[in-house]
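Heads up, the thing below is written out as structure tokens.
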Amino acid sequence: MKNTGSSNARIDDVELKVTAMPAADDQVAMPVISTESATPFFEPINVSITCATEGAAVQYSIDNGATWNNYSTPFQISATTTIKAKATK
């Protein structure tokens, strides 16, 4: 569903997936993806990614792993999105 920018737009399907990605160091905890809102939602929502391993570098992908972005601050989604995350140290 395309978000038209209207305050009445409703996004019914939100799919958040965490895919465990192999890390160079098996001591790195798997990242946790979380949102501030439950589904369905009517506005874009913030997505946060955390990792329990101190000093771990977290990366995420919203295009099935074709491109990886360094995670530093929450980002917004406004449509059905599969998010993959990995952490390395």
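Everything quoted here is computed from the prediction, not taken from an experiment.
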Drop me the distance from [X]'s [atom1] to [Y]'s [atom2], to the nearest 0.5 angstrom.
| X | Y | atom1 | atom2 | value |
| --- | --- | --- | --- | --- |
| Ile49 | Ile33 | CD1 | CD1 | 5.0 Å |
| Gln76 | Ile45 | CD | CD1 | 9.0 Å |
| Gln59 | Thr67 | CD | OG1 | 11.0 Å |
| Thr35 | Ile77 | OG1 | CD1 | 7.5 Å |
| Lys86 | Cys51 | NZ | SG | 13.5 Å |

Query raised in the report: Between Lys89 and Thr53, does a side-chain contact (heavy atoms from CB on, under 4.5 Å) hold up when you go through it step by step?
Result: CA-CA 8 Å; Lys89 188 167 179 179; Thr53 303; 3.9 Å; yes
Query raised in the report: Hey, what's the ring geometry for Tyr60 with Phe75, parallel, tilted or perpendicular (30° and 60° as the breaks)?
Result: parallel
Query - Minimum heavy-atom distance Ser61-Ala66, with the two atoms named - result: OG-N, 4.0 Å
**Report entry** Check: Tyr71 and Ser48 side chains under 4.5 Å, non-hydrogen atoms
**Finding:** yes
